[in-house]
2 protein chains.
Amino acid sequence: MGSLMSSPAKIQTVLPAASCENCGVRRLCLPVALDAKDLDRMEELVRARPRLERGDYLYWAGDAFNSLYAVKSGAMKTFGITSDGEEQLTGFFFPGEVVGLDAIDNGIYNCNAVALADTQLCEIPYARLDDLGDALPALPRELTRILSRELLADCKMLTMVGRMTAGQRIACFLFNLSGRLADHNGGEIEHIELPMSREDIANYLGLTIETVSRKLGELKKQGLIGVAGRRVDLLDRDGLAEICPF
Amino acid sequence: MGSLMSSPAKIQTVLPAASCENCGVRRLCLPVALDAKDLDRMEELVRARPRLERGDYLYWAGDAFNSLYAVKSGAMKTFGITSDGEEQLTGFFFPGEVVGLDAIDNGIYNCNAVALADTQLCEIPYARLDDLGDALPALPRELTRILSRELLADCKMLTMVGRMTAGQRIACFLFNLSGRLADHNGGEIEHIELPMSREDIANYLGLTIETVSRKLGELKKQGLIGVAGRRVDLLDRDGLAEICPF
DNA sequence: CGACGAATTGAAATAGCTCAAATGACGTGG
DNA sequence: CCACGTCATTTGAGCTATTTCAATTCGTCG
């Protein structure tokens with residue numbers, strides 16, 4: 001197991017430059033409900049914007065929790081390690097999504113967070129977000145919504161991993177991915193450039209890398225998708241939907 | 001497959017009588033951070049206290065979301081149904097825990113919620129909780145913590161279902177259960193009275209009922225636990241811990 | 001071009017599933 | 001209080017989807 005280890009994080013702290021107001025993922029992100037005036041206060045808070053390269057760690061499991069991180073561009077993954085050395089990928093995070101939510105309660109990051117590609121993040125110091133929440137109730141309200149959404153997503157993952165066949169998991173995974181990537185790309189998407197390796201996919205879905213490869217191959221042979229390395233084309237959405245039992 | 005269908009919910013609405021202040025699960029529940037004065041306002045809000053019998057539905061997947069429900073006594077389960085009729089249990093809920101959190105974002109209950117035993121609940125109308133949150137910031141703060149905790153629990157479930165063997169899942173499950181039941185029973189617990197059937201356990205852990213039965217039998221044969229129907233005794237915690245790789 | 005990691009493909013092994021039957025627990029009605 | 005029916009659980013035996021192990025192929029980067 002374990003080829004995920006990588007060089008230590010080289011976080012370049014970039015002081016506030018880009019603004020939430022003009023951010024490409026604004027309508028997906030935390031300040032979605034804030035008006036112009038309140039946005040300013042949010043921007044004060046979002047101070048550092050570390051930029052990660054593929055393979056860089058944002059944080060390690062066990063680190064003290066200080067900040068949430070919103071993905072501006074790129075992609076992240078989070079994974080835990082069991083005491084017997086098994087890795088379990090617990091999530092992928094794309095632009096507009098927030099990393100670190102599961103650490104709020106116990107004050108410790110419970111997973112490792114690693115960049116899957118060059119990734120820009122907004123650092124949101126949690127203590128300050130919490131304070132600002134007293135003045136701007138829209139903020140905790142939106143945070144609650146985001147948490148709830150994440151919870152629902154996890155339930156779906158549980159169903160996928162607990163009850164579906166390998167083929168179904170792959171189909172659902174591709175569907176879900178295309179939906180999320182479409183969110184911040186305007187409309188529909190038929191072509192996906194996977195930011196994660198087969199190993200990541202396998203690990204996420206509770207499968208082996210070989211099974212992922214084989215099932216992708218089958219879907220390809222059936223003409224439902226096109227696969228070429230990390231490029232995947234959803235050729236027959238309806239056919240895929242038939243496989244994916246959500 | 002579906003033997004879970006049951007008679008329609010017969011929710012007996014019991015008007016306020018018990019108070020949060022004297023509630024046995026207060027230190028686990030939402031108002032944990034409120035002082036005496038604020039507790040009053042919380043109690044106004046928690047108006048109805050439905051009582052369910054075993055098998056009663058609290059809500060169905062697809063129902064409009066109006067309230068969260070805190071478990072006072074008894075136990076609940078939530079489960080979703082995929083389009084091909086498979087059921088997936090997504091959670092068990094014990095005293096002090098809150099049901100319905102995954103419905104906040106999209107305003108619809110995404111799962112079915114059913115009582116596993118005679119169960120007393122506190123109904124927390126979400127709109128009013130939201131309003132009250134503006135005045136009492138401790139409330140949304142605690143809600144956030146609860147959501148975050150739930151998120152972390154789901155990550156652990158993912159790891160269990162995705163990467164562990166049947167025996168490991170069972171061991172972890174028993175561990176987790178004993179911990180949660182101990183929470184509101186004072187201290188340690190060596191004896192568990194399972195409120196759920198083997199079918200529920202199997203469904204929760206992504207196994208079949210037969211495998212659950214067999215693995216429980218093995219653990220018993222190894223002297224790690226005692227099993228007699230729904231009574232389980234944790235005879236050798238360390239031995240169990242060795243199996244459970246968290 | 002050559003080398004190394006990632007991905008695919010193949011063949012054999014297995015954990016857990018499915019199907020089937022036996023046993024046990026429990027409430028009902030005589 | 002006992003006999004019976006129902007439903008939950010256990011146990012058994014064979015089966016299968018996925019894993020494991022092993023060997024190629026592909027892709028990328030120095």
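Naming: A, B, ... by sequence-line order, numbering from 1 per chain. All values derive from a computational prediction rather than experimental measurement.
D:dT19 atom P lies 16 Å from atom CE of B:Met164, rounded to whole Å. Protein atom CD of B:Glu218 is 14 Å distant from nucleotide atom C1' of D:dG12, rounded to whole Å. The separation between B:Lys215 atom NZ and D:dT9 atom P is 19 Å, rounded to whole Å. Between B:Glu210 atom CD and C:dT18 atom P there is a gap of 8 Å when expressed in whole angstrom units. Rounded to an integer number of Å, the gap from CD1 of B:Ile209 to C1' of D:dA8 is 7 Å. For the pair A:Asp200 CG and C:dG5 P, the interatomic distance rounds to 17 Å; values are reported in whole Å. Summarising the geometry, the separation between CZ on A:Arg214 and C1' on C:dA6 is reported as 15 Å, rounded to the nearest angstrom. Look at CD on A:Glu199: it is 13 Å from P on C:dT8, rounded to the nearest Å.
Between the SG atom of B:Cys111 and the CE atom of B:Met76 there is a distance of 11.5 Å, given to the nearest 0.5 Å. The distance from atom CG of A:Leu101 to atom CG of B:Leu151, rounded to the nearest 0.5 Å, is 6.0 Å.
The side-chain contact (heavy atoms from CB on, under 4.5 Å) with B:Phe65 is formed by just one residue from the set B:Ile104, B:Ile108, B:Asn110, B:Asp105; it is B:Ile104.
The side chain of A:Leu207 lies closest to D:dT18, out of C:dA7, D:dT18, D:dT9. Comparing atom distances between the B:Val227 side chain and each of C:dT18, C:dA7, D:dT10 picks out D:dT10 as nearest. Candidate nucleotides D:dT10, C:dG16, C:dA7 were compared by shortest atom distance to the side chain of B:Arg198, and D:dT10 ranks first. If you check D:dT20, D:dT18, D:dT10 against the side chain of B:Ser213, the one that comes closest is D:dT10.
Considering only side-chain N and O atoms, B:Thr208 lies under 4.0 angstrom from the phosphate OP1 or OP2 of C:dC17. The shortest distance between the side-chain N/O atoms of B:Thr211 and the OP1/OP2 oxygens of C:dC17 is below 4.0 Å.
At a threshold of 4.5 Å between non-hydrogen side-chain atoms, the residues B:Arg230 and B:Glu193 count as touching.
Note on A:Lys215 versus A:Glu218: salt bridge recorded, some NZ/NE/NH1/NH2 to OD/OE distance being below 4.0 Å.
No N or O donor and acceptor, one from the side chain of A:Arg169 and one from the base of D:dT18, sit under 3.5 Å apart.
Using a 4.0 Å heavy-atom distance criterion, B:Gly206 is classed as a sugar-phosphate-only contact.
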